[in-house]
Amino acid sequence: MRHTDNDERIWQVVALIPEGKVATYGDVAAQAGLPGAARRVGAALKKLPEGTKIPWHRVINAGGRISLPPGSDSYRRQLELLRAEGITLRESGAIDLRRHRMLPA
DNA sequence: GTACTGACCAGAT
DNA sequence: CATCTGGCCAGTA
C-alpha cells in the first residue's frame, strides 16, 4: 500500500483546521483542490497512523454528524476528542455547523 | 480487464 | 424523519 499525492494534500488541509472548529469531508476535498471527491477524504483519513498529530476528528459529514458506525470504538474516540475541545453534539446527535464549521475565509 | 465498495453529498421522493 | 438515485474516484477483489 502506498499513499498518494492526493492523500498528502488532504492531510495538509485537515492539519489546518483550528481547534474548536470542524470541516466537512466536502469542504476538505474542495480546499485540497479535489472538488467532489469527498469520499477520497474518508479514505485518506483511514490511512493515518494511530498517534498522528493530524486532527482527523475535526472532519465530519455534511449533516454535521460523525461519519463512523455509531457505537464503534472509533466513533467514541472521535466524540471524546471533539468534546475535549468544546465541540458537543446537539439533541439530534449532530454538531451545530453554524457555530463550529470552519468557513472559507 | 470488469465489478463492487466506501469515515461522502445534494437533490428528489 | 427515511430512502433512493446519480455522481464521485481510488482501493480491492
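Protein chains get the first letters and strands the later ones, always in sequence-line order, with residue 1 at the start of each.
Here Lys21(A) contributes atom NZ and Leu97(A) contributes atom CG; the two are 11.0 Å apart, rounded to the nearest 0.5 Å. A distance of 8.0 Å separates CD of Gln78(A) from CG of Leu81(A), quoted to the nearest 0.5 Å. Taking CZ of Arg58(A) as the start and CD of Glu19(A) as the end, the distance is 5.5 Å to the nearest 0.5 Å. Between Thr24(A) atom OG1 and Ile95(A) atom CD1 the span is 11.5 Å, to the nearest 0.5 Å.
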Show each protein N/O and nucleotides 8-13 of chain B N/O combination with a separation under 3.5 Å, one pair to a line.
residue	atom	partner	partner atom	Å
dC8(B)	OP1	Ser67(A)	OG	2.2
dC8(B)	N3	Arg39(A)	NH1	3.1
dC8(B)	N4	Arg39(A)	NH1	2.1
dC9(B)	OP1	Gly26(A)	N	3.3
dC9(B)	OP1	Ala62(A)	N	3.3
dC9(B)	OP2	Ala62(A)	N	2.8

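Going from atom CD1 of Ile95(A) over to atom P of dA7(B) covers 18 Å, rounded to whole Å. Between Leu45(A) atom CG and dC9(C) atom P the separation is 18 Å, expressed in whole Å. For Asp7(A) and dC9(C), the CG to C1' distance is 12 Å, given to the nearest whole Å. Rounded to an integer number of Å, the gap from Lys46(A) NZ to dG11(C) P is 11 Å. Atom-to-atom, CG of Asn6(A) to P of dC8(C) comes out at 16 Å; the value is rounded to the nearest Å. We find that CZ of Arg77(A) is positioned 12 Å from C1' of dA7(B), with the value rounded to whole Å.
For dA7(B), neither phosphate oxygen OP1 nor OP2 lies less than 4.0 angstrom from any side-chain nitrogen or oxygen of Lys47(A).
Under 4.0 Å is where a charged nitrogen must lie from a carboxylate oxygen, and between Asp27(A) and Arg101(A) at least one such pair does.
A side-chain N or O of Glu85(A) and one of His57(A) form a donor-acceptor pair less than 3.5 Å apart.
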